[in-house]
Amino acid sequence: MAMHIISIFIMFSVALSSHMFPSNAQNSPQDYVNAHNTPRGQVGVGSVIWNVTLANYAQNYANQRIGDCALTHSNGPYGENLAKGSSSWFTGVEAVNLWMAEKSCYDYATNSCIGGKPCLHYTQVVWHDSIRIGCARVQCSNGWYYVICSYDAPGNWVGERPY
(Lines give C-alpha, C1' and ligand atoms only; values in the text may rest on other atoms or scores of the structure.)
Protein backbone atom coordinates (compact mmCIF):
# COMPACT_ATOMS: atom_id res chain seq x y z
CA MET A 1 0.00 0.00 0.00
CA ALA A 2 1.32 3.42 -0.88
CA MET A 3 2.36 5.70 1.93
CA HIS A 4 1.12 9.24 2.06
CA ILE A 5 3.90 11.79 1.95
CA ILE A 6 3.51 14.63 4.39
CA SER A 7 4.27 17.78 2.54
CA ILE A 8 6.89 20.14 3.79
CA PHE A 9 6.02 23.43 5.36
CA ILE A 10 6.45 26.85 3.88
CA MET A 11 6.82 30.17 5.54
CA PHE A 12 6.21 33.13 3.35
CA SER A 13 6.07 36.83 4.02
CA VAL A 14 4.31 39.27 1.75
CA ALA A 15 5.25 42.95 1.86
CA LEU A 16 2.42 45.43 2.22
CA SER A 17 2.72 48.47 -0.02
CA SER A 18 2.07 51.79 1.64
CA HIS A 19 -0.66 52.71 -0.87
CA MET A 20 -2.70 49.53 -0.34
CA PHE A 21 -5.49 48.92 2.13
CA PRO A 22 -6.46 45.63 3.79
CA SER A 23 -9.08 43.62 1.98
CA ASN A 24 -11.03 40.39 2.41
CA ALA A 25 -11.10 39.84 -1.34
CA GLN A 26 -9.71 36.57 -2.70
CA ASN A 27 -10.78 34.53 0.32
CA SER A 28 -14.22 33.32 -0.76
CA PRO A 29 -14.94 29.65 -1.52
CA GLN A 30 -15.17 30.49 -5.22
CA ASP A 31 -11.81 32.29 -5.10
CA TYR A 32 -10.16 29.16 -3.68
CA VAL A 33 -11.89 26.93 -6.23
CA ASN A 34 -10.88 29.16 -9.15
CA ALA A 35 -7.29 29.41 -7.92
CA HIS A 36 -7.10 25.60 -7.89
CA ASN A 37 -8.97 24.92 -11.11
CA THR A 38 -6.86 27.15 -13.34
CA PRO A 39 -3.62 25.19 -12.82
CA ARG A 40 -5.52 21.88 -12.75
CA GLY A 41 -6.91 22.67 -16.18
CA GLN A 42 -3.43 23.47 -17.45
CA VAL A 43 -2.31 19.89 -16.75
CA GLY A 44 -5.56 18.24 -17.89
CA VAL A 45 -6.93 17.40 -14.45
CA GLY A 46 -10.62 17.80 -13.65
CA SER A 47 -11.96 20.61 -11.54
CA VAL A 48 -12.32 20.65 -7.77
CA ILE A 49 -15.52 21.60 -5.99
CA TRP A 50 -16.02 23.29 -2.64
CA ASN A 51 -16.99 20.96 0.18
CA VAL A 52 -18.53 22.29 3.40
CA THR A 53 -17.25 19.36 5.50
CA LEU A 54 -13.68 20.07 4.37
CA ALA A 55 -14.15 23.80 4.86
CA ASN A 56 -15.39 23.23 8.41
CA TYR A 57 -12.44 20.93 9.09
CA ALA A 58 -10.02 23.55 7.74
CA GLN A 59 -11.67 26.34 9.73
CA ASN A 60 -11.58 24.33 12.96
CA TYR A 61 -7.90 23.56 12.48
CA ALA A 62 -7.05 27.14 11.50
CA ASN A 63 -8.78 28.33 14.67
CA GLN A 64 -6.47 26.05 16.67
CA ARG A 65 -3.44 27.75 15.10
CA ILE A 66 -4.49 31.34 15.91
CA GLY A 67 -2.33 31.40 19.04
CA ASP A 68 0.89 30.22 17.38
CA CYS A 69 0.39 30.38 13.58
CA ALA A 70 2.50 27.20 13.42
CA LEU A 71 2.81 25.44 10.10
CA THR A 72 2.09 22.10 11.73
CA HIS A 73 -0.11 19.63 9.90
CA SER A 74 -3.32 18.44 11.50
CA ASN A 75 -2.52 14.78 10.69
CA GLY A 76 -6.17 14.33 9.83
CA PRO A 77 -7.76 12.21 7.11
CA TYR A 78 -7.37 14.77 4.32
CA GLY A 79 -4.60 16.07 2.12
CA GLU A 80 -3.42 19.44 3.35
CA ASN A 81 -1.50 22.52 2.32
CA LEU A 82 -0.51 25.23 4.80
CA ALA A 83 0.92 28.70 4.38
CA LYS A 84 1.24 31.93 6.30
CA GLY A 85 2.07 35.50 5.47
CA SER A 86 2.78 38.62 7.43
CA SER A 87 0.37 41.04 5.79
CA SER A 88 -3.37 41.33 5.31
CA TRP A 89 -2.67 41.00 1.58
CA PHE A 90 -1.74 37.36 2.18
CA THR A 91 -5.04 35.98 0.93
CA GLY A 92 -6.21 32.48 0.14
CA VAL A 93 -5.46 33.10 -3.52
CA GLU A 94 -1.95 34.28 -2.61
CA ALA A 95 -1.43 31.04 -0.66
CA VAL A 96 -2.49 28.94 -3.67
CA ASN A 97 -0.19 31.03 -5.88
CA LEU A 98 2.64 30.34 -3.44
CA TRP A 99 2.01 26.59 -3.69
CA MET A 100 1.81 26.87 -7.49
CA ALA A 101 5.22 28.58 -7.55
CA GLU A 102 6.64 25.14 -6.72
CA LYS A 103 5.63 23.89 -10.18
CA SER A 104 9.09 24.69 -11.55
CA CYS A 105 10.57 22.40 -8.89
CA TYR A 106 8.55 19.35 -10.02
CA ASP A 107 9.91 17.00 -12.69
CA TYR A 108 7.12 14.92 -14.21
CA ALA A 109 9.50 12.49 -15.94
CA THR A 110 11.04 11.39 -12.64
CA ASN A 111 7.96 12.22 -10.56
CA SER A 112 10.15 14.03 -8.05
CA CYS A 113 11.11 17.40 -6.68
CA ILE A 114 14.21 18.87 -8.34
CA GLY A 115 17.36 19.54 -6.32
CA GLY A 116 15.75 18.99 -2.94
CA LYS A 117 13.42 21.94 -3.46
CA PRO A 118 9.80 21.71 -2.27
CA CYS A 119 7.14 20.72 -4.79
CA LEU A 120 4.60 18.67 -2.83
CA HIS A 121 2.27 21.63 -2.25
CA TYR A 122 2.07 22.01 -6.03
CA THR A 123 1.43 18.31 -6.60
CA GLN A 124 -1.35 18.36 -3.99
CA VAL A 125 -3.06 21.27 -5.76
CA VAL A 126 -3.09 19.36 -9.09
CA TRP A 127 -3.55 15.82 -7.68
CA HIS A 128 -5.94 13.99 -10.02
CA ASP A 129 -7.95 12.24 -7.26
CA SER A 130 -8.38 15.34 -5.12
CA ILE A 131 -11.75 16.59 -6.29
CA ARG A 132 -13.13 18.26 -3.16
CA ILE A 133 -11.51 21.12 -1.26
CA GLY A 134 -12.23 23.25 1.76
CA CYS A 135 -10.02 26.11 2.88
CA ALA A 136 -9.84 28.66 5.65
CA ARG A 137 -7.88 31.79 6.55
CA VAL A 138 -7.43 33.29 10.00
CA GLN A 139 -5.43 36.10 11.50
CA CYS A 140 -3.09 34.82 14.18
CA SER A 141 -2.48 36.59 17.47
CA ASN A 142 0.94 37.70 16.18
CA GLY A 143 -0.75 39.55 13.29
CA TRP A 144 0.17 37.02 10.59
CA TYR A 145 -2.38 35.32 8.36
CA TYR A 146 -2.68 31.54 8.24
CA VAL A 147 -4.20 29.62 5.31
CA ILE A 148 -5.10 25.94 5.17
CA CYS A 149 -6.65 23.97 2.33
CA SER A 150 -7.89 20.44 2.92
CA TYR A 151 -8.20 17.97 0.02
CA ASP A 152 -10.31 14.86 -0.49
CA ALA A 153 -9.06 12.47 -1.65
CA PRO A 154 -5.57 13.23 -0.33
CA GLY A 155 -2.68 13.32 -2.78
CA ASN A 156 1.07 12.78 -2.80
CA TRP A 157 1.02 9.00 -2.72
CA VAL A 158 4.41 7.35 -3.17
CA GLY A 159 4.87 5.94 -6.66
CA GLU A 160 1.89 7.81 -8.15
CA ARG A 161 1.97 10.86 -10.40
CA PRO A 162 -0.28 13.81 -9.69
CA TYR A 163 -1.64 13.84 -13.27
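Residue Ile49 is not grouped with residue Val93 when hydrophobic side chains (ILVMFWY) are merged at heavy-atom distances under 4.5 angstrom, including chains of intermediate members. A continuous path of ILVMFWY side-chain contacts below 4.5 Å connects Val33 to Val96, so both sit in one hydrophobic cluster.
Side-chain contact between Val48 and Asn37: present, with at least one pair of heavy atoms (C-beta onward) separated by less than 4.5 Å. For the pair Leu71 and Tyr146, the minimum side-chain heavy-atom distance is below 4.5 Å. Looking only at side-chain heavy atoms (C-beta outward), Ile148 and Cys135 stay at 4.5 Å or farther from each other. Side-chain contact between His121 and Met100 is absent, with no heavy atoms from C-beta onward closer than 4.5 Å. Counting only heavy atoms from C-beta outward, the side chains of Trp99 and Val147 approach each other to under 4.5 Å.
Scanning both residues, Asn81 and Leu120, for their nearest heavy atoms gives OD1-O, 4.4 Å. Pairing each heavy atom of Pro162 with each of Trp127, the nearest pair is CA-CE3, 3.3 Å. Shown here for Ala58 and Ser150, the closest heavy-atom pair between the two residues is CB-OG, 3.9 Å.
The aromatic ring centres of Tyr108 and Tyr163 sit less than 6.0 Å apart. Residues Tyr151 and His36 bring their aromatic ring centres within 6.0 Å.
Asn63 and Gln59 share a side-chain donor-acceptor pair at under 3.5 Å. Under the 3.5 Å distance criterion, with hydrogens and angles disregarded, no donor-acceptor pair is assigned to the side chains of Ser112 and Asp107. Counting only N and O atoms by type, the side chains of Asn56 and Thr53 include no donor and acceptor under 3.5 Å apart.
The closest donor-acceptor contact from the side chain of Arg40 to the backbone of Val45 lies at 3.5 Å or more, if one exists at all. Between the side chain of Arg137 and the backbone N or O of Phe90 there is at least one donor-acceptor pair closer than 3.5 Å.
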Derivation of the side-chain contact (heavy atoms from CB on, under 4.5 Å) call for Asn51 and Ile133: CA-CA 6 Å; Asn51 181 275; Ile133 65 166; over 6 Å; no

Derivation of the side-chain contact (heavy atoms from CB on, under 4.5 Å) call for Tyr61 and Tyr78: CA-CA 12 Å; Tyr61 189 69; Tyr78 306 115; over 6 Å; no

Verdict with reasoning, Lys84 to Cys140, per side-chain contact (heavy atoms from CB on, under 4.5 Å): CA-CA 9 Å; Lys84 66 181 179 178; Cys140 299; over 6 Å; no

Disulfide (SG to SG under 2.5 Å) assessment of Cys113 paired with Cys119: CA-CA 6 Å; Cys113 300; Cys119 72; 2.0 Å; yes

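Taking the six-membered ring for Trp and thresholds of 30 and 60 degrees, Tyr122 and Tyr106 have ring planes inclined between 30 and 60 degrees apart.
Rounding to the nearest 0.5 Å places OG1 of Thr123 at 3.5 Å from CG of Asn156.
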